[in-house]
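The shown structure was predicted, so the numbers you read here are calculated from the model rather than taken from an experiment. Quick note: numbers below take in every heavy atom, side chains included, and nothing from hydrogens, waters or symmetry partners. Chain identifiers are assigned alphabetically (A, B, ...) following the order of the sequence lines, protein sequences preceding nucleic acid strands; residue numbering begins at 1 within each chain.
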There are 2 protein chains.
Amino acid sequence: MTDATEGFPRISSTPAYKLVAEAIERQILSGRIRPGQPIGTEAALVKQFGVNRSTVREGIRLLEHGGLIRRDSNRRLSVGLPHYGRLATRMSRALVLSEVTFRELYEAAMVLQTATAEAAAERATPEILAELEANIAMTQHVSDDPAAVTELDAEFHTLIGKASQNRVLQLAREPTNLLIFPTTGLILRKIKEGTPRLIEAHRMILDALQRRDKDACRTWVRRHLNDWRRGFERTGKDLNQPIDRIYVQGEHSADAGAA
Amino acid sequence: MTDATEGFPRISSTPAYKLVAEAIERQILSGRIRPGQPIGTEAALVKQFGVNRSTVREGIRLLEHGGLIRRDSNRRLSVGLPHYGRLATRMSRALVLSEVTFRELYEAAMVLQTATAEAAAERATPEILAELEANIAMTQHVSDDPAAVTELDAEFHTLIGKASQNRVLQLAREPTNLLIFPTTGLILRKIKEGTPRLIEAHRMILDALQRRDKDACRTWVRRHLNDWRRGFERTGKDLNQPIDRIYVQGEHSADAGAA
DNA sequence: ACATCCTGCTTGTCTGACAATCGGACCGCC
DNA sequence: GGCGGTCCGATTGTCAGACAAGCAGGATGT
């Protein structure tokens with residue numbers, strides 16, 4: 001005890017792999033390394049940080065998972081922009097796990113979707129309008145298949161997000177999309193007149209976008225979502241119940257490429 | 001093209017550490033393991049999965065980073081709810097890295113904050129109203145210190161998020177809060193009349209909340225944000241410029257304990 | 001009964017190794 | 001010269017085994 005080594009407080013119990021992650025993270029966030037630029041190999045990082053490769057690897061995993069780092073085809077490391085889709089998946093997962101109710105979801109979706117659609121009415125480009133048109137045509141074409149319609153519905157709304165040219169809104173809106181989407185499938189399977197109503201709503205929304213008519217846009221988006229809600233209630237469910245666990249997927253499972 | 005090799009999906013052998021992560025993730029998402037419940041030790045997982053401990057560790061890191069798994073004081077693993085704050089940090093980081101403009105931020109914030117405030121007007125509890133009141137009093141008290149005012153401003157808006165009792169909105173709104181916040185600091189430092197205006201706006205918003213007056217609420221939130229925008233422009237900046245890199249922090253850096 | 005010590009268990013880190021894969025150089029053949 | 005095939009080095013994914021430090025809980029001495 002009389003020893004000089006006794007009184008020193010714990011400096012920091014932060015494990016080394018976290019320190020490694022932080023160090024690289026700072027480099028990226030500060031802009032010293034730009035997206036797309038390669039990071040050294042594991043061996044190089046080992047030399048730079050003076051820790052073991054296992055430790056470096058654990059640190060790298062963190063960033064890789066966070067999307068700050070990517071491995072391209074060569075399996076080499078490079079800086080990559082965080083992927084919105086992944087983030088949205090994780091947000092929906094968090095929402096489901098905290099047992100958010102359908103009512104909360106509905107309320108938020110109403111706000112976000114109307115706002116996004118209004119922004120889209122201002123700024124939609126001809127290209128996106130064409131994509132929306134194609135989407136509707138395709139929906140009409142597969143209108144017998146609820147699963148396919150559901151998927152196209154989700155795509156439709158994502159396209160509107162893109163049309164808004166506001167990435168903050170897009171990111172905020174995407175989780176509601178992901179969470180509403182599975183329920184839409186259930187509804188369409190149970191309620192026959194759901195699909196035609198959905199298609200009509202999409203048509204009217206697109207029409208409003210083309211005319212740059214924000215009010216009509218708002219009206220039809222509201223109507224569309226209210227249809228969803230009515231359908232939801234007609235399937236015998238309660239808006240106050242939490243979103244079912246089943247609806248959330250792990251973030252590693254979304255790999256089906258766009259056909 | 002006439003070749004049969006054109007339609008094959010990309011072969012991608014998923015590395016073992018990812019498989020481990022997915023397996024555990026599925027257990028958690030499906031509800032077989034509940035939040036708070038402990039997961040086996042590393043050694044146990046090694047036995048269950050039949051892979052090396054390094055591999056298990058890399059897999060665990062992924063989930064730990066994603067917030068699905070936590071290490072409590074004993075450093076033992078247990079399931080934990082994803083933390084909203086962390087998610088919001090990561091969202092803002094993604095937005096900054098994709099060079100979102102202040103205009104996008106402003107537009108989204110306008111929508112989200114008004115909607116949140118309206119919801120809060122409906123459902124705010126006396127407890128939260130008291131907290132808001134205390135927050136304003138404190139702001140008044142430190143009105144000489146722009147940094148402190150800024151921090152309290154951020155807290156004020158987070159409280160309104162809580163008052164809305166809509167966690168979807170809350171999560172969607174938080175990133176805009178995080179990103180607007182540093183700029184508010186700059187503005188208050190430069191523009192003297194900023195602080196009193198801010199306090200007045202907070203007062204009026206709280207008043208509207210207490211009267212459950214959604215319209216007044218909306219009006220004052222809009223006014224408050226417009227003040228921010230005017231201040232922003234008066235500091236000589238342009239709404240169309242991307243949000244500065246400096247404003248985003250790594251997610252591991254928030255460690256300064258509350259004094 | 002209480003304080004103390006010892007003994008595992010668990011995690012964080014390190015050492016060293018090997019197989020598979022990818023990029024590139026090199027070589028032989030048309 | 002262009003082409004395909006082969007070999008080599010670099011890099012990653014995975015493994016086996018080891019050790020120090022922190023912590024829990026039981027054994028021990030008083």
Side-chain angles (χ1 to χ4, degrees), chain A residues 1-3 5-25 33 36-80 252 255, chain B residues 3 5 8-25 33 36-80 252 255:
Chain A
M1 284 287 218
T2 59
D3 194 325
T5 66
E6 58 84 20
F8 293 100
R10 160 166 318 158
I11 298 281
S12 92
S13 60
T14 317
Y17 66 89
K18 247 178 212 168
L19 293 175
V20 168
E22 279 178 47
I24 302 179
E25 186 181 354
I33 320 181
Q37 209 171 330
I39 303 198
T41 70
E42 291 180 2
L45 295 175
V46 164
K47 251 191 293 186
Q48 280 183 48
F49 290 112
V51 297
N52 191 270
R53 190 159 79 100
S54 309
T55 308
V56 166
R57 283 173 66 81
E58 289 188 26
I60 284 178
R61 291 286 164 260
L62 297 189
L63 302 178
E64 203 179 341
H65 187 64
L68 274 184
I69 276 185
R70 225 193 7 228
R71 310 197 96 97
D72 22 66
S73 56
N74 322 335
R75 293 183 306 182
R76 280 196 177 72
L77 292 168
S78 67
V79 181
H252 308 287
D255 269 336
Chain B
D3 194 330
T5 65
F8 288 101
R10 163 167 230 85
I11 298 206
S12 66
S13 57
T14 317
Y17 65 90
K18 245 178 215 168
L19 292 174
V20 168
E22 281 178 46
I24 302 179
E25 186 180 354
I33 320 181
Q37 209 170 330
I39 304 199
T41 70
E42 291 180 2
L45 295 174
V46 164
K47 251 192 292 185
Q48 279 183 48
F49 290 113
V51 296
N52 192 273
R53 191 158 79 101
S54 309
T55 309
V56 167
R57 282 173 67 82
E58 289 188 26
I60 284 177
R61 291 285 165 260
L62 297 189
L63 301 177
E64 202 179 342
H65 188 64
L68 274 183
I69 276 184
R70 226 194 4 231
R71 309 196 98 99
D72 20 78
S73 56
N74 321 334
R75 293 183 308 180
R76 280 197 178 70
L77 292 167
S78 67
V79 181
H252 307 288
D255 269 335

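- Between the C1' atom of C:dT13 and the NZ atom of A:Lys18 lies a distance of 15 Å, rounded to the nearest Å.
- A heavy atom lying under 4.0 Å from DNA chain C marks the following residues of residues 52-60 of chain B, by number: B:Arg53, B:Arg57.
- The line from CD1 of A:Ile33 to CD1 of A:Ile39 is 5.0 Å long, rounded to the nearest 0.5 Å.
- Closest approach of B:Arg53 to B:Val46, counting heavy atoms only: CA-CG2, 3.5 Å.
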Just the atom pairs and distances: protein N or O near nucleotides 8-11 of chain D's N or O, under 3.5 Å.
none

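- Proximity of A:Glu25 to A:Val20: side-chain heavy atoms (C-beta onward) are nowhere separated by under 4.5 Å.
- Within the 4.5 Å cutoff, side-chain heavy atoms of B:Phe49 are placed close to those of B:Ile24.
- Using a 4.0 Å cut-off between a side-chain N of Lys or Arg and a carboxylate O of Asp or Glu, B:Arg61 and B:Glu64 qualify as a salt bridge.
- For D:dT12, neither phosphate oxygen OP1 nor OP2 lies less than 4.0 angstrom from any side-chain nitrogen or oxygen of A:Arg61.
- Separating the CD atom in A:Gln37 from the CG atom in A:Leu77 is a distance of 13.0 Å, to the nearest 0.5 Å.
- The line from CD1 of B:Ile69 to CD1 of B:Ile60 is 6.0 Å long, rounded to the nearest 0.5 Å.
- To the nearest 0.5 Å, atoms CG (A:Leu63) and CZ (A:Arg70) are separated by 13.5 Å.
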